[in-house]
Amino acid sequence: MKFYYLSKQTNSNGVMSIHADSCTQLPSVFDRVYLGIYDNNRLASEAALMKYQVLKLDTCRCCK
């Protein structure tokens, strides 16, 4: 199980990304929101969609 975070910043296409705590591209503490502890990135994505009603969401490529 890992800690997952949602980036507050969007990329150029308006997509927010999900990162695990071990990610090399994890945003700073000020640029992320804690999602919780999950078994995988799919469950973390589902939580982000429900909690924050994010329309465009993707998992960071190093966290997939």
Under a side-chain separation threshold of 4.5 Å, the hydrophobic residues clustered together with Leu55 are none
Distance col, row Met1:CE vs Asp39:CG, nearest 0.5 angstrom, shows 4.5 Å
Side chains of Leu26 and Arg32: does their closest heavy-atom pair fall under 4.5 Å?
yes
Value for OG (Ser17) from NZ (Lys56), rounded to nearest 0.5 Å, stands at 14.0 Å
Residue set satisfying side chain to side chain donor-acceptor pair (under 3.5 Å) with Glu46, at least two apart, ordered chain then number -> Arg42
For Val15, the hydrophobic cluster (side chain heavy atoms closer than 4.5 Å, chained through members) also holds none
Grouping ILVMFWY residues whenever side-chain heavy atoms fall under 4.5 Å, the cluster of Met16 otherwise contains Tyr4, Leu6, Ile18, Val33, Leu35, Tyr38, Leu43, Leu49, Tyr52, Val54, Leu57
Gln9 meets the side chain to side chain contact (heavy atoms under 4.5 Å, CB included) criterion, sequence neighbours left out, with Ser7, Asp31
**Asked** Is there a side-chain contact between His19 and Pro27 (heavy atoms, below 4.5 Å)?
**Response** yes
The ring pair (Phe, Tyr, Trp, His ring centres under 6.0 Å) partners of Tyr34 (sequence neighbours excluded) come to Tyr5
